[in-house]
Amino acid sequence: MTRVGARGSSGRSWLRLADRRIRTKLALILALPVVAIGVLAGAGVVSAVTTAGQMDRARALVALGGSASELVNALQRERSTAALVFVQGGAGGAVEAFGLRVAATDTAVTAFRQGSAGVSGPAAIRVVLGRVTAGLLGLGMVRQQVTVAPNAVGSVVAFRYRALVAEVLTFRQAVAQIGVSESASRRIRAASALSAAGEALSRVEVTVARHLGAGRLTPAAEREIVAADAAYTEAIQSFADLAPSAWRGWLNEVVRGPQVVAAERLYGLVIRAQPGDRLDVGADVAGWVSACEARLDLLRQAVARVDADLLSAVTGERDARRMSIGVQSLLVGGVLLAMVAVAWWVARGLGRSLVALRARAERVAGTDLPALIATIEAGAAPSDHGDGADPADRDDRRGCGDHPGMAGDAATVDSLAERATRDVGIAGRDEVGQVAEAFGQVVAAAVRLAGRQAMLRAGISSMLVALSWRLQRRADAMMVSLDALERDESDPDRLAQLFELDHVAALIRRLIANLQV
């Protein structure tokens with residue numbers, strides 16, 4: 001009652017670890033590592049999911065980069081056709097061809113806008129996309145200048161096309177900084193470099209087309225051609241440095257043939273021209289544009305193949321990351337499940353052992369031990385008549401304090417103690433099994449102690465019984481003597497004394513009978 005009152009007064013009995021069940025304690029022991037593993041694994045999974053999300057956004061941006069490449073190609077073709085409009089002044093169906101190019105460019109613009117609508121990325125990319133969107137919105141005004149006043153604004157129109165293409169190429173280059181792997185980043189920069197090489201060739205094509213009509217190369221045009229040629233050389237070198245060997249093989253495989261040889265021959269004539277020289281490439285403006293476009297189309301095929309392989313590589317990295325997240329989640333879940341299962345199995349086994357030990361203790365205390373003690377006491381109790389001989393004869397044979405069943409009772413006690421040691425009801429060599437074994441030893445010690453006490457009581461009882469039989473024999477002999485004296489005595493005084501002794505002897509016999517009981 002004092003303990004209960006103390007716990008109740010503290011109001012914190014639920015904090016006492018000694019009052020908690022074993023399963024609760026095991027759960028508390030397991031909770032911390034499980035929570036730690038769960039938190040760490042969760043952080044790893046969250047990080048992996050974040051990375052996978054970034055790679056998914058990167059894939060969307062790479063796909064948008066492919067759309068940007070198609071937009072660049074369309075703008076370059078539209079610009080080349082616009083140059084023909086400026087040179088030919090609307091003759092030879094240049095305006096109609098420009099209209100067809102405009103329609104093709106609008107298709108590419110629509111695809112680019114649709115791809116960029118759901119794309120999210122770093123602030124730098126969003127800024128570039130904003131500039132590209134603004135340039136595309138102003139494309140209608142540029143086209144109007146081509147068709148309405150081509151002779152007055154040719155250089156301005158070419159510059160605006162060049163600025164818009166440069167913004168789109170800047171977007172392609174910015175995609176390499178979106179957090180992809182180093183290999184994917186190198187591939188993105190290589191693809192951007194190949195697109196930049198195509199833009200450099202297109203710039204040479206437009207510059208030469210604008211000045212073929214004039215007949216002579218101006219210093220400004222010569223500087224533009226030299227700068228574009230240097231940009232082409234640098235872009236091709238960057239591509240060679242960054243691209244994998246397969247891409248370089250594709251470029252050499254695709255950009256070859258008689259059309260490329262013819263275009264390079266004309267390109268060499270242009271590069272070697274000096275300011276003030278007459279541009280003579282052996283072809284008119286339409287022929288020059290056609291030769292350059294044939295070479296550019298082959299280069300664009302290589303760019304398209306590179307973009308497709310780049311998208312496939314980034315998609316593979318994203319899918320591999322997703323697979324890694326799935327495998328990691330399954331492993332973490334499996335480990336946690338295994339830990340919980342093992343903990344449940346251990347707690348269940350330990351709980352069963354402790355419950356069995358408690359039941360055994362209650363059964364021993366309430367039933368088994370009292371029954372064993374009763375058995376021992378019953379086997380050690382003295383017999384009133386033993387072997388049926390005269391009590392006096394038994395006294396002479398045994399002596400005072402001996403009992404014929406004592407040796408057998410000691411063997412019974414040892415047998416019962418050994419059985420109590422074995423019958424603990426708990427299998428195992430762990431601490432619970434050791435406690436059960438120690439409990440069995442305690443029970444055996446209690447059985448032996450009870451046996452010794454029972455045998456001690458039986459010995460004392462046997463000694464008292466033997467003594468009582470001896471006294472009874474003496475008392476009976478005395479009564480016989482008194483009876484003989486009483487029959488032969490004639491003196492009344494002495495006879496009264498004998499009767500008085502007879503009464504005392506009767507009292508002694510009654511006390512002896514009580515002692516026997």
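Worth saying up front: this structure is predicted, and the values here are computed from it rather than measured.
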Salt bridge (Lys or Arg N to Asp or Glu O under 4.0 Å) evaluation trace for D56 with R322 = CA-CA 10 Å; D56 193 47; R322 288 180 176 177; 3.3 Å; yes
message = Please evaluate residues Q301 and D297 with respect to the criterion side chain to side chain donor-acceptor pair (under 3.5 Å), reporting the C-alpha separation (whole Å), side-chain torsions for both, the decisive distance (0.1 Å), and the verdict.
response = CA-CA 6 Å; Q301 291 179 18; D297 286 341; over 6 Å; no
key: Worked check of side chain to side chain contact (heavy atoms under 4.5 Å, CB included) between F171 and R131   = CA-CA 10 Å; F171 165 75; R131 293 202 300 263; over 6 Å; no
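With rounding to the nearest 0.5 Å, the separation of SG in C292 from CD in E264 is 11.0 Å. Separation of atoms CG (L61) and CD1 (I125) is listed at 5.0 Å; rounding is to 0.5 Å. Note that CG of L194 and CZ of R248 are 12.5 Å apart. Values are rounded to the nearest 0.5 Å. Taking OH from Y232 and CD1 from I271, the interatomic distance works out to 11.0 Å, rounded to the nearest 0.5 Å. One finds the CG atom of L137 at 10.5 Å from the CG atom of L164 (value rounded to the nearest 0.5 Å). The CG atom of L336 lies 11.0 Å from the CG atom of L331; values are rounded to the nearest 0.5 Å.
Listed here is the closest heavy atom pair of A104 and A74: O-CB, 4.4 Å. R256 approaches L298 most closely through the heavy-atom pair O-CD1, 3.8 Å. Between A197 and I236, the shortest heavy-atom distance links the atoms CB-CD1, 3.8 Å. In plain terms, the two heavy atoms of S80 and V289 that are nearest each other are CB-CG1, 4.3 Å. Taking every heavy atom of both residues into account, I225 and V204 meet most closely at O-CG2, 4.2 Å. Nearest heavy-atom pair, T81 versus A97, reported as atom, atom and distance to 0.1 Å: CG2-C, 3.5 Å.
The backbone N or O of G65 sits nowhere less than 3.5 Å from a side-chain atom of S69 that would complete a donor-acceptor pair. Here the side chain of S290 pairs no donor or acceptor atom with the backbone of A286 at under 3.5 angstrom. With S312 contributing its side chain and A308 its backbone, the two residues share no donor-acceptor pair below 3.5 Å.
Considering R162, R79, E293, Q76 as possible partners of S202, the one that fulfils the side-chain hydrogen bond (donor to acceptor under 3.5 Å, both in side chains) test is R79. Tested against R187, the residues V306, D309, V314 include a single side chain to side chain contact (heavy atoms under 4.5 Å, CB included) partner, D309. Checked options L296, L169, V168; the residue passing with E199 is L169 (criterion: side chain to side chain contact (heavy atoms under 4.5 Å, CB included)).
For the pair V132 and F112, the minimum side-chain heavy-atom distance is below 4.5 Å. In this structure the side chain of R172 reaches within 4.5 angstrom of the side chain of D307, judged on heavy atoms. Considering only heavy atoms from C-beta on, L266 stays 4.5 Å or farther from V208 through its side chain. A heavy-atom distance below 4.5 Å is found between the side chains of V156 and R160. Taking the side chain as every heavy atom from C-beta outward, W247 and L242 never approach each other to under 4.5 Å. Taking 4.5 Å as the limit, some side-chain heavy atom of N73 sits within range of a side-chain heavy atom of E70. Under the 4.5 Å side-chain criterion, counting only non-hydrogen atoms from C-beta, V146 is not in contact with E78. Residues V165 and L71 have side chains not in contact (no heavy-atom distance under 4.5 Å, counting atoms from C-beta outward).
Atom CD of Q259 sits in a sparse spot, with 12 or fewer heavy atoms from other residues, nucleotides or ligands closer than 6.0 Å. When the shell of 6.0 Å around CZ of R113 is examined, it contains more than 12 heavy atoms from other residues, nucleotides or ligands. Atom CD of E234 has 12 or fewer neighbouring heavy atoms from other residues, nucleotides or ligands inside a 6.0 Å radius.
Here R189 does not pair with D241 in a salt bridge; the nearest charged N to carboxylate O distance is not below 4.0 Å. Using a cutoff of 4.0 Å between basic side-chain nitrogens and carboxylate oxygens, E205 and R77 are not scored as salt-bridged.
Relative to the ring axis of Y161, R101 does not place its NZ or CZ within 45° and under 6.0 Å from the centre.
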